[in-house]
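Below: one structure, written as structure tokens.
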Number of protein chains: 2
Amino acid sequence: MPPTDAPRGRTGRPPVTSRADILVAARRLIDRDGWEKLTVRRLAAEMGIGATTLYHHVRDKEDLLLLLLNEYADRIPRPPAAGEPRERIVAGWVAIHDTLGAWPWAAEVLTVDGFLTGLGDSALVQVEAILAAAAEHGCSQEEAVDLFRNIWYFTVGEILVRARSGGARGADERRDGFLAGIDAAALPRLAAIGDRWPGLSARDTYPDAVRAFVDGLLAQAEGRS
Amino acid sequence: MPPTDAPRGRTGRPPVTSRADILVAARRLIDRDGWEKLTVRRLAAEMGIGATTLYHHVRDKEDLLLLLLNEYADRIPRPPAAGEPRERIVAGWVAIHDTLGAWPWAAEVLTVDGFLTGLGDSALVQVEAILAAAAEHGCSQEEAVDLFRNIWYFTVGEILVRARSGGARGADERRDGFLAGIDAAALPRLAAIGDRWPGLSARDTYPDAVRAFVDGLLAQAEGRS
DNA sequence: ACCTGAACACCGTTCAAGT
DNA sequence: ACCTGAACACCGTTCAAGT
């Protein structure tokens with residue numbers, strides 16, 4: 001079954017798929033089976049085509065991931081242009097965090113490709129908004145870039161650690177073990193926390209934490225000037 | 001050639017290797033060829049033994065990584081017990097960061113296993129010291145745990161992003177491309193920074209940034225009480 | 001008690017041949 | 001033009017058989 005609107009006036013074998021088809025199928029596979037199940041072979045099998053056919057539509061697997069990511073980056077809500085600079089920075093990061101948190105594999109890809117180099121215009125708008133707010137608050141160019149970078153590190157770390165430690169094989173057993181074997185004399189604080197640790201770690205403290213980080217970085221910048 | 005001190009009074013085929021041998025060979029392989037080259041098969045080949053032999057000495061690859069990591073965690077210098085709590089927290093994190101930064105694959109493993117659940121006593125000592133300093137500063141148990149977790153996210157993110165974007169295939173070409181194609185009207189701040197970005201991003205600002213983060217988190221805790 | 005090759009169930013990617 | 005199977009060069013892991 002060839003695509004509905006086959007290109008007229010062209011020679012050769014008709015296409016069985018397209019880049020758009022591939023991206024849709026990849027998204028469905030990730031949503032259904034999880035990010036780690038996305039392989040070139042499995043994706044092709046799911047689509048009912050040969051694995052090697054994919055290489056006529058995307059350069060390689062990393063390219064596929066980047067295409068997928070760029071589509072997704074458009075969903076980050078546009079940051080507010082008005083209001084107190086500090087609040088705009090915090091709101092911008094919370095928006096980025098919430099969007100990436102819903103698709104944690106995105107953070108996985110972005111550690112290797114970078115928010116700027118890997119993504120297209122819609123992501124750059126987010127960066128621009130944060131840089132503009134920082135400048136408006138009085139930051140130098142260096143300080144604004146540092147603010148962005150440092151909070152990017154924090155955000156990507158938060159998402160990765162949470163995403164990975166959630167599904168890790170044997171995580172539960174090890175979690176139970178580590179509080180039982182603690183030496184209360186040598187490690188009194190940890191022993192006192194004991195089995196409260198998992199519960200405390202499960203809390204979402206990202207919004208408070210970015211605010212604290214932004215405050216700390218802005219205060220440091222002010223102290224320098 | 002059997003090991004020098006073959007166990008006397010035991011039956012069966014003499015061992016050709018040991019857990020200790022395996023860990024030494026794994027470290028050598030990582031140091032020489034890089035973290036991503038460490039595979040069970042390659043490690044066995046390097047040692048001149050069958051790949052399946054490794055499974056008599058370690059449970060699986062993840063177990064091997066965790067054993068390797070625990071050996072390494074001992075190298076983090078003991079945190080100072082005296083001095084201003086805030087300074088002890090910063091110094092503790094800088095020590096953790098410097099140690100992990102020298103072996104970035106460690107951060108890779110730790111995102112899936114966690115600093116607490118994956119590591120042994122020598123890592124827990126670091127956690128204890130940070131929790132104790134936070135408590136001494138007046139933090140509640142929740143606040144101390146949040147401080148630890150949040151700065152862990154930041155630290156692991158910093159190390160991962162830096163380690164991965166360094167060796168990424170095609171990173172240079174993309175970096176050159178992204179500043180050239182920027183729309184100066186729509187993204188004035190980014191356009192103004194332009195080709196300064198790579199240079200600014202290469203700077204090591206971790207110590208300043210942890211200090212800012214610690215200050216921000218402690219100030220937030222104070223504001224709540 | 002310990003080691004081993006064969007085997008299983010996978011990967012990403014290239015390339016000559018086919019339609 | 002586009003698709004394909006065969007092939008290459010790998011993975012981690014299990015298990016029956018060997019010493």
Side-chain angles (χ1 to χ4, degrees), chain A residues 1-22 25-26 29-30 33-68 105 108-109 112-113 168-170, chain B residues 1-22 25-26 29-30 33-68 105 108-109 112-113 168-170:
Chain A
M1 50 196 92
T4 46
D5 53 339
R8 291 157 302 161
R10 292 216 175 268
T11 77
R13 194 170 177 171
V16 296
T17 190
S18 66
R19 182 175 279 201
D21 282 352
I22 292 168
L29 201 156
I30 291 178
D33 300 337
W35 141 252
E36 54 287 333
K37 298 289 182 191
L38 178 67
T39 66
V40 174
R41 293 174 114 106
R42 190 184 281 257
L43 177 57
E46 172 109 348
M47 299 178 73
I49 63 175
T52 56
T53 304
L54 291 174
Y55 288 88
H56 291 270
H57 300 275
V58 297
R59 190 157 41 79
D60 53 21
K61 197 185 176 183
E62 190 183 331
D63 186 40
L64 168 64
L65 259 19
L66 244 26
L67 290 168
L68 217 45
W105 63 264
E108 204 87 39
V109 178
V112 7
D113 274 295
R169 183 216 61 175
Chain B
M1 50 198 93
T4 46
D5 53 339
R8 292 157 301 161
R10 292 214 176 270
T11 78
R13 193 169 177 171
V16 297
T17 190
S18 65
R19 183 175 278 200
D21 283 351
I22 292 168
L29 202 156
I30 292 177
D33 300 338
W35 141 252
E36 55 287 333
K37 299 289 183 190
L38 178 68
T39 67
V40 174
R41 293 176 115 106
R42 190 184 282 257
L43 176 58
E46 171 108 347
M47 298 178 73
I49 63 176
T52 57
T53 304
L54 291 174
Y55 287 87
H56 291 270
H57 300 276
V58 297
R59 191 156 42 77
D60 53 21
K61 196 185 178 184
E62 190 181 333
D63 186 41
L64 169 63
L65 258 20
L66 245 27
L67 290 169
L68 218 45
W105 64 264
E108 204 87 39
V109 178
V112 9
D113 274 295
R169 182 217 61 175

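By convention in this document, chain letters (A, B, ...) are assigned in the order of the sequence lines, proteins followed by strands, and residues within each chain are numbered from 1. Values reported hereafter were calculated over all heavy atoms of this structure, with side chains retained and with hydrogens, waters and symmetry mates removed.
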How many Å lie between [atom1] on [X] and [atom2] on [N], as a whole number?
X        : N       : atom1 : atom2 : value
Arg41(A) : dT13(C) : CZ    : C1'   : 9 Å
Asp63(A) : dG12(C) : CG    : P     : 14 Å
Arg59(B) : dG12(D) : CZ    : C1'   : 14 Å
Met47(A) : dC2(D)  : CE    : P     : 15 Å
Lys61(B) : dG12(D) : NZ    : P     : 4 Å
Asp60(A) : dC11(C) : CG    : C1'   : 14 Å
Arg13(B) : dC3(C)  : CZ    : P     : 8 Å
Glu62(A) : dG12(C) : CD    : C1'   : 13 Å

* Asked: Would you say the base of dG12(D) and the side-chain of Thr39(B) have a donor-acceptor pair closer than 3.5 Å?
  ->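 Check fails, no donor-acceptor contact within cut-off.
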* Asked: Does dG5(C) pair with anything, Watson-Crick or G-U wobble, both distances under 3.5 Å, and if so, with which nucleotide?
  ->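 When the pairing criteria are applied, dC15(D) turns out to be the nucleotide that pairs with dG5(C).
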* Asked: What does dC10(D) pair with, Watson-Crick or G-U, if both distances are under 3.5 Å?
  ->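 The answer is none; no pair meets the criterion.
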Counting only side-chain N and O atoms of [X], is one of them less than 4.0 Å from OP1 or OP2 of [N]?
X        : N       : result
Arg42(A) : dC11(C) : yes
Thr53(A) : dT4(D)  : yes
His57(A) : dC3(D)  : yes

* **Nearest-neighbour nucleotide for the Val40(B) side chain, dG12(D), dT13(C), dT4(C) considered** =>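 For the Val40(B) side chain, the nearest candidate turns out to be dG12(D).
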* Which nucleotide, dT13(D), dT14(C), dC3(C), lies nearest any side-chain atom of Tyr55(A)? ->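 Of all the options, the side chain of Tyr55(A) is nearest to dT14(C).
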* Identify the heavy atoms of Thr17(B) and His57(B) that sit nearest to each other, and give their distance. =>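 Nearest heavy atoms, Thr17(B) then His57(B): O-CE1, 3.4 Å.
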Could you tell me if the side chain of [Y] sits less than 4.5 Å from the side chain of [X], heavy atoms only?
X        : Y         : answer
Ile49(B) : Leu54(B)  : yes
Leu38(B) : Trp105(B) : no
Leu68(A) : Ile30(A)  : yes

* Rounded distance in Å between the P positions of dA9(C) and dC10(D) ->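 It comes out at 22 Å once rounded to the nearest Å.
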* Take Val40(A) and Leu64(A) through the test side chain to side chain contact (heavy atoms under 4.5 Å, CB included) and record every step on the way to the result. => CA-CA 9 Å; Val40(A) 174; Leu64(A) 168 64; 5.6 Å; no
